[in-house]
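Dropping a structure here in structure tokens format, bear with me for questions.
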Amino acid sequence: MTTPPDPGLDAIMSERRQLINLAYRLLGSLADAEDVVQETYTRWYAMSREQQEAIDVPAAWLTRVAGRICLDQLGSARARRERYVGEWIPEPLPDRAEWPGDDPADRVTLDESVNMAFLVVLESMTPAERVAFILHDVFRYPFAEVAEVVGRTPAACRQLASSARGRIRAARAPVTPVARQAGIVRGFKQAWEAKDIKALVALLDPDATGVADGGGLVSALLEPVEGGERIARYLVDLAELAPGLTILERTVNGQPGLVAQQDGVTVVVMAFEVVNDRIRHFWAVRNPDKLRPWTAG
């Protein structure tokens, strides 16, 4: 006798990419996002067929479960990051065309809600603010559904999203066209390769900030470097200490960035925020655990 097909299988499998996209924005980590999605599907398959069939919209159920798991993880993440060695930077993602592996469902859609500056602002939010904002403003879930995830009233979730929106507005910089950003990042690369402090200073905002993340696994500055001239001198010193680095222009979280390779292996990924034709922030990720999408073949 042939076993009847699972009526919810196609629906829930088609949601995998949506869940990866949601969890990455909520957690800032692809590895953690993948764990959340795996746990979500585990809970689905742990139910009986009768329990699954009683769920009217499997996709909505999956979103609620994934959102709740992320909310719990965000709460514990704060304690983990207090113990983190040095600065914590969200995990950088490559351009989709360069994504390792063959499963497009595992790819995060690279839009303005995953650029590094945006993700860093999300880190300043409370877990409930972050979940309410991402679910409503980015993924367009109504507040009634957001409330089921956050465990608060729709009115409270509306207030949470409004508070998060205020943080975004306060940090938002004027938009620089991508082509212009690419030109400035290219100039930064060339000045760095030439060890030209004067050229680097000209490309950096006087109040620029540089942040590195080694996670205690590789060497990296434990605190941000502030000031354009100080950053420029630090970068030139770094180039002197690592003469074999190859610096490549790459798309990082949907925007122009740089990748540094040693003997063909990616060892640093850099994301930038360009404001008024100068680099105001850059983030350099060295933690090898966060470079998996850049090193997997």
Side-chain angles (χ1 to χ4, degrees), residues 8 10-44 55-75 77 90-93 95-96 99 103-172 175 253-255 293:
D10 290 342
I12 66 167
M13 292 310 294
S14 68
E15 284 298 302
R16 178 175 172 80
R17 180 170 178 175
Q18 175 85 343
L19 295 175
I20 287 284
N21 273 275
L22 173 65
Y24 173 75
R25 285 164 174 78
L26 288 176
L27 301 176
S29 164
L30 181 61
D32 288 347
E34 291 171 338
D35 288 344
V36 165
V37 173
Q38 181 63 41
E39 174 62 21
T40 300
Y41 279 105
T42 296
R43 294 186 187 185
W44 170 267
I55 297 172
D56 292 333
V57 185
W61 184 92
L62 291 168
T63 299
R64 285 196 300 272
V65 172
R68 288 168 185 160
I69 296 171
C70 286
L71 185 62
D72 289 342
Q73 287 206 11
L74 284 169
E91 184 176 332
L93 297 179
D95 183 77
R96 289 172 61 188
W99 197 276
D103 187 356
D106 290 332
R107 297 177 182 172
V108 174
T109 302
L110 300 178
D111 59 24
E112 65 277 2
S113 68
V114 293
N115 73 58
M116 193 60 73
F118 187 90
L119 291 175
V120 169
V121 176
L122 291 180
E123 289 294 317
S124 70
M125 299 179 184
T126 68
E129 281 178 335
R130 187 166 181 167
V131 173
F133 174 78
I134 292 295
L135 282 172
H136 181 267
D137 284 45
V138 178
F139 287 88
R140 302 302 177 189
Y141 286 95
F143 282 116
E145 294 183 24
V146 175
E148 294 185 34
V149 175
V150 179
R152 304 193 188 186
T153 66
C157 291
R158 189 182 300 276
Q159 183 58 43
L160 287 168
S162 176
S163 176
R165 240 174 266 130
R167 293 177 189 262
I168 295 290
R169 283 195 299 269
R172 180 171 290 156
V175 176
N253 285 61
Q255 295 190 320

Is there a side-chain contact between Glu148 and Arg68, using heavy atoms and a 4.5 Å cut-off?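 Yes. Closest side-chain heavy atoms under 4.5 Å.
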If every non-hydrogen atom of Arg43 is compared with every non-hydrogen atom of Trp61, which pair is closest and at what distance?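 Nearest pair, atom of Arg43 first, then Trp61: C-CH2, 3.9 Å.
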Can you name the closest pair of heavy atoms from Leu74 and Leu26 and give their distance?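 So the two residues come closest at CD2-O, 3.1 Å.
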Separation between CG of Leu93 and CG of Leu30, rounded to the nearest 0.5 Å: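 That separation rounds to 6.0 Å.
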How close do Trp44 and Leu62 get, heavy atom to heavy atom, and via which atoms?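 Minimum heavy-atom contact is CB-CD2, 4.4 Å.
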What distance do Tyr24 atom OH and Glu34 atom CD have between them, rounded to the nearest 0.5 Å?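 These two atoms lie 11.5 Å from each other.
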Heavy-atom pair with the smallest gap, counting every atom of Thr63 and Leu22: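 So the two residues come closest at CG2-CD2, 4.0 Å.
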List the steps, then state whether side-chain contact (heavy atoms from CB on, under 4.5 Å) holds for Val149 with Val131. CA-CA 8 Å; Val149 175; Val131 173; 4.0 Å; yes
Validation row: Arg16, Tyr41 side chains within 4.5 angstrom (heavy atoms):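 In contact.
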OG-CZ distance between Ser113 and Phe139, expressed to the nearest 0.5 angstrom: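 Taking OG in Ser113 and CZ in Phe139, the distance rounds to 6.5 Å.
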Between Met125 and Ile168, is there a side-chain heavy-atom distance shorter than 4.5 Å?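 With C-beta onward as the side chain, the pair touches.
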Gln38 CD to Leu19 CG distance, which is reported to the nearest 0.5 Å: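 Here the rounded value is 11.5 Å.
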Between Ser124 and Val121, is there a donor-acceptor pair closer than 3.5 Å when you use the side chain of the first and the backbone of the second?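 Yes; at least one donor-acceptor contact below 3.5 Å.
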Close side-chain approach of Val120 and Pro90, heavy atoms under 4.5 Å: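 Val120 vs Pro90: side chains touch.
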My understanding is that only residues two or more places apart in sequence, or in another chain, count here; which of them pass side-chain contact (heavy atoms from CB on, under 4.5 Å) with Ser29?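 By the side-chain contact (heavy atoms from CB on, under 4.5 Å) rule, Ser29 matches Ala31, Asp32, Glu91.
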Can you say whether the rings of Phe143 and His136 are parallel (under 30°), tilted (30 to 60°) or perpendicular (over 60°)?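 Ring orientation, 0 to 90° scale: parallel.
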Within-4.5 Å side-chain heavy-atom neighbours: Leu122 and Phe133: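 Yes, at least one pair of side-chain atoms sits under 4.5 Å.
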Minimum heavy-atom distance between Glu129 and Ala164, given as atom pair plus value: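 Nearest pair, atom of Glu129 first, then Ala164: O-CB, 4.0 Å.
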Count the heavy atoms of every other residue, nucleotide or ligand shown that sit under 6.0 Å from CZ of Arg158, and state whether that count exceeds 12.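 Open: at most 12 neighbouring heavy atoms sit under 6.0 Å from CZ of Arg158.
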Locate the shortest heavy-atom distance separating Leu160 from Ala128; write the atom from each residue and the value.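 Minimum heavy-atom separation between Leu160 and Ala128: CD1-CB, 3.8 Å.
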Flag if over 12 foreign heavy atoms under 6.0 Å of CZ, Arg152: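 No, because the 6.0 Å sphere around CZ of Arg152 holds 12 heavy atoms or fewer from other groups.
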Side chains of Arg130 and Glu123, heavy atoms from C-beta outward: is any pair under 4.5 Å?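 With C-beta onward as the side chain, the pair touches.
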Tell me if a side-chain donor or acceptor on Asn115 pairs with a main-chain N or O of Glu112 at a distance below 3.5 Å.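 The answer is yes, because a donor-acceptor pair under 3.5 Å joins these two groups.
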